Asks: 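Let me begin by handing over the structure; questions about it come next.
Every value quoted in this text rests on a predicted model; they were computed, and no experiment measured them. Note on naming: letters A, B, ... go to the chains in the order of the sequence lines (proteins, then strands), and numbering restarts at 1 for each one. What you see below is based on every heavy atom in this structure, not just the backbone, and it leaves out hydrogens, waters and symmetry mates.
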Amino acid sequence: MAPAKLSPRAQSALVWAVYAVGLAPALWTFWLGASNQLGADPVKTFERFLGLWTIRFLILTLAITPLRDLGLFNGLRYRRALGLLAFYYAALHFLTYAVLDQTMVLSAIVADVVKRPFITFGMIALTLLVPLAVTSNNASIRRLGSRWSSLHRLVYPVAALGALHYSMAVKVLGAEQYIHIGLLVLLLAYRIARPRLMEAKRQKRRAAA
Amino acid sequence: MPSFKVPKIPSSEITPQRIYARRREILGLMAGGAALAAAPSAFAAALKTVPSPYRLDEELTPRESVTTYNNFYEFGTDKGDPAANSGTFKPMPWTVEVGGMVAKPKTFGLEDLMKAYPIEERIYRMRCVEAWSMVIPWNGFPLASLLKAVEPLGSAKYVAFESVVRPEEMPGQTGGFQPLPWPYVEGLRLDEAMHPLTLLAVGLYGETLPNQNGAPIRLVVPWKYGFKGIKSIVKITLTDKQPPSTWNILAPQEYGFYSNVNPAVDHPRWSQATERRIGTGGFFGTSRVDTLPFNGYADDVASLYAGMDLKANF
Ligand code: HEM
C-alpha cells in the first residue's frame with residue numbers, strides 16, 4: 001500500500017495528526033459546554049458525547065486488523081493512537097461523570113459503581129483499559145515480549161463491556177445504538193472466526209505455490 | 001422549601017425573565033390584538049391568565065431550555081428532536097373526548113375549554129425520571145374542573161388518558177424504528193386526578209403550548225415523574241380498572257403506575273436521590289440538588305397514599 005513508501009518523518013506526522021484530529025471533538029465540545037452553547041443540559045450532553053466517541057475509537061481500533069486482512073487498508077501504525085484515544089475519551093467520560101455530573105460526591109459515585117450494573121460494567125471496562133494504555137509504548141512491547149499481545153487481548157472484553165454498558169445506558173434502543181453495537185459485535189465475531197479464515201488463506205496460498 | 005444554589009447567570013440571560021415578569025404591563029402598553037403577532041414562536045399566542053396560589057418561589061428555567069429539551073418520542077427520541085421535528089404538527093382545531101364511567105360524556109372543543117375555565121398561571125417543579133428537573137410557569141386549569149363537568153359515576157376509580165396518533169405529522173410514529181407503541185397512554189387514580197394540583201396545561205410562559213411541549217393540551221402532575229404528564233391529549237376515559245401506561249408496559253420493573261417522585265426509591269439504573277437542575281450558563285450553571293419526596297409537594301399529596309407501601313407501589 002502507498003503509505004509504506006512515506007518517509008519516517010511523514011509517517012510520524014500522520015500519527016500525530018490522528019491524535020490531533022481525534023482529540024479535537026472533545027476539546028471543541030468542551031468549549032461549547034463551557035461557553036453555554038451546548039443546549040439545556042450541557043453536562044449530560046457532554047458526558048454522552050464522550051461515551052459515544054469512546055465506542056467509536058474502540059470500533060476504529062478493532063477495525064485495523066480486519067481491514068488489513070482484507071487488503072483494504074493497512075493502518076497498523078495508527079492503531080496505538082486510536083486505542084489511546086479510546087482510553088482518553090473513556091477517562092474524560094468518567095471525569096465528566098464524576099466531576100460535572102455527580103459534582104464529586106464520592107458516596108454517590110461509589111454507590112453508582114457498586115449498585116448500577118451498567119455503571120459497574122463501564123467501570124470495569126475503564127479499569128481494564130488502564131494497563132493497556134500504560135503499556136502502549138515501544139519499551140513495554142520489548143519488555144513484555146509475547147505477554148504484550150496476550151495482555152492487549154483485553155481490548156476484546158473492554159469492547160464487549162462497552163457495548164453492554166451502552167445498551168443499558170439508554171432508555172430505548174434506536175438506529176444509533178444498533179449501528180455502533182452492531183459494528184462492535186461484528187468486529188468481535190471476526191476475532192472468533194479469524195484463525196479459521198487465516199488457515200484457509202494459508203492453505204490456498206500453499207496450494208497455489 | 002428546599003434551599004438550592006441559584007446558578008450565576010450573565011445579565012443577558014436574565015433579561016427575558018424580567019420582561020416576562022412585566023409582561024402584563026408590556027401587553028397593556030401594546031395596542032390591540034395585532035401586537036400579539038410579534039410573539040416569538042409562529043403559533044404561540046399570548047394567553048390571558050389569572051394568578052394562582054401555586055407559585056413556587058424558585059428561579060424559573062429559561063423558556064429556551066423548557067422548549068428545546070423535551071422527551072416527546074412522537075417527534076424522535078433525542079431531546080432536541082421535538083423542537084426540531086414538530087413544525088408540521090397542526091394542533092388546531094382540537095377536540096378532547098371525555099367519556100367512560102360518567103353521567104355526561106362529551107367531546108370538548110379546545111377553544112370552548114379555554115373559555116369555560118380561567119387559565120391560571122402555576123409555577124411548578126418538573127422532575128424527570130431521568131434525574132433532571134426544571135421550574136416551569138404553566139398555564140392551565142385543574143383537571144378536576146373538567147371531570148366535574150362530565151359527572152363521574154360512583155363506580156369510576158381511575159382516569160385513563162390517550163395521546164394523539166398522527167404519523168403524517170409526527171415523524172417518530174413512522175418508519176422502521178418506532179421506539180414506543182402508539183398511542184401513548186397514561187393513567188391516574190381518580191383521587192389523584194381530582195387533586196387541585198393536577199393541571200391540564202394549555203400554555204407555558206404565558207403563551208399557548210409550543211408543539212414540542214405537548215400542544216395544545218397536556219397533563220401536568222407535579223408530584224410525579226414527568227412522563228406521567230401525557231401530551232397532546234385526545235381522549236380521557238373514566239374507568240374502574242387501573243389503566244395501562246406506556247412506560248410501564250415497556251419496562252414494568254423500571255416505571256411503576258404511580259411513579260411518584262421518591263428520592264428513597266431508585267430507578268434500577270440510576271439513583272433518584274438527587275437531580276440536575278437545568279439552569280443557564282453551560283457546565284457551570286448546572287447544579288445538583290436533593291430530590292424531595294413527592295417532588296416537594298408532600299404536604300399537599302402525601303395523604304393520598306396514607307398507609308401505602310411506596311416502595312412496592314413505585
Ligand atoms: C470503556 C469504557 C466506557 C465506554 C465505552 C462508555 C460508553 C458510553 C456510552 C456509549 C454511553 C451512552 C451515550 C449515549 O447515550 O449516547 C455512556 C453513557 C454513560 N456512561 Fe459510559 N462508558 C464507559 C465507561 C464509563 C464509566 C467508567 C462510567 C462511570 C463510572 C460511565 C458512566 C456513564 C454514564 C453515567 C452514562 C450516561 C447515562 C445517561 O444517559 O444518563 N461510563 N457510556
Asks: Which region of A108(A), side chain (C-beta onward) or backbone (N, CA, C, O), has a non-hydrogen atom less than 4.5 Å from a non-hydrogen atom of chain B, or is it both or neither?
Replies: neither

Asks: Any chance CH2 of W16(A) has more than 12 other-residue heavy atoms, nucleotides or ligands included, within less than 6.0 Å?
Replies: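 Open.
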
Asks: With a 4.5 Å heavy-atom cut-off, do R116(A) and D266(B) have their side chains touching?
Replies: yes

Asks: Need one label for L32(A): side chain, backbone, both or neither, based on atoms under 4.5 Å from any heavy atom in chain B.
Replies: neither

Asks: To check you understand the geometry: which heavy-atom pair defines the closest contact between G174(A) and F177(B), and what is its length?
Replies: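 Minimum heavy-atom separation between G174(A) and F177(B): CA-CZ, 3.4 Å.
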
Asks: As an exercise, state the distance from CD1 of I119(A) to CH2 of W270(B), rounded to the nearest 0.5 Å.
Replies: 10.5 Å

Asks: Side chain, backbone, both or neither: which part of N71(B) has an atom under 4.5 Å from a heavy atom of chain A?
Replies: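 Just the side chain, heavy atoms under 4.5 Å.
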
Asks: Check the surroundings of atom CD in Q178(B): do more than 12 heavy atoms from other residues, nucleotides or ligands lie under 6.0 Å from it?
Replies: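 Enclosed.
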
Asks: For F30(A) and F283(B), what are the C-alpha separation, side-chain angles and deciding distance, and is it a ring pair (Phe, Tyr, Trp, His ring centres under 6.0 Å)?
Replies: CA-CA 9 Å; F30(A) 181 82; F283(B) 289 148; 5.3 Å; yes

Asks: At a 4.5 Å cut-off on heavy atoms, which part of Q102(A) comes close to chain B: side chain, backbone, both, or neither?
Replies: both

Asks: With heavy-atom distances below 4.5 Å as the criterion, would you say the side chains of E130(B) and K171(A) are in contact?
Replies: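 E130(B) reaches K171(A) side chain to side chain.
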
Asks: Contact part of T77(B) toward chain A, heavy-atom cut-off under 4.5 Å: side chain, backbone, both or neither?
Replies: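 For T77(B), side-chain heavy atoms alone lie under 4.5 Å from chain A.
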
Asks: For chain B, find which of T103(A), D112(A), V43(A) contributes the most heavy-atom pairs closer than 4.5 angstrom.
Replies: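 Option with the greatest count: V43(A).
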
Asks: Among W247(B), W132(B), Y73(B), Y69(B), which residue has the highest count of heavy-atom pairs closer than 4.5 Å to chain A?
Replies: Y69(B)

Asks: Return yes when atom CZ of R202(A) has more than 12 non-hydrogen atoms of other residues, nucleotides or ligands closer than 6.0 Å, and no otherwise.
Replies: yes

Asks: If we ignore hydrogens and angles and just use 3.5 Å, is the side chain of R269(B) paired with the main-chain N or O of V170(A) as donor and acceptor?
Replies: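 Pair found, side chain donor or acceptor close to backbone of V170(A).
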
Asks: For residues N36(A) and G282(B), report the shortest heavy-atom separation together with the two atoms involved.
Replies: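 Taking N36(A) first and G282(B) second, the nearest heavy atoms are OD1-N, 3.2 Å.
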
Asks: State whether K79(B) and D41(A) are salt-bridged, where the test is any N-O pair (Lys NZ or Arg NE/NH1/NH2 against Asp/Glu carboxylate O) under 4.0 Å.
Replies: no

Asks: Looking only at heavy atoms and a cut-off of under 4.5 Å, which of E176(A), K115(A), K44(A) has the most pairs with chain B?
Replies: K44(A)

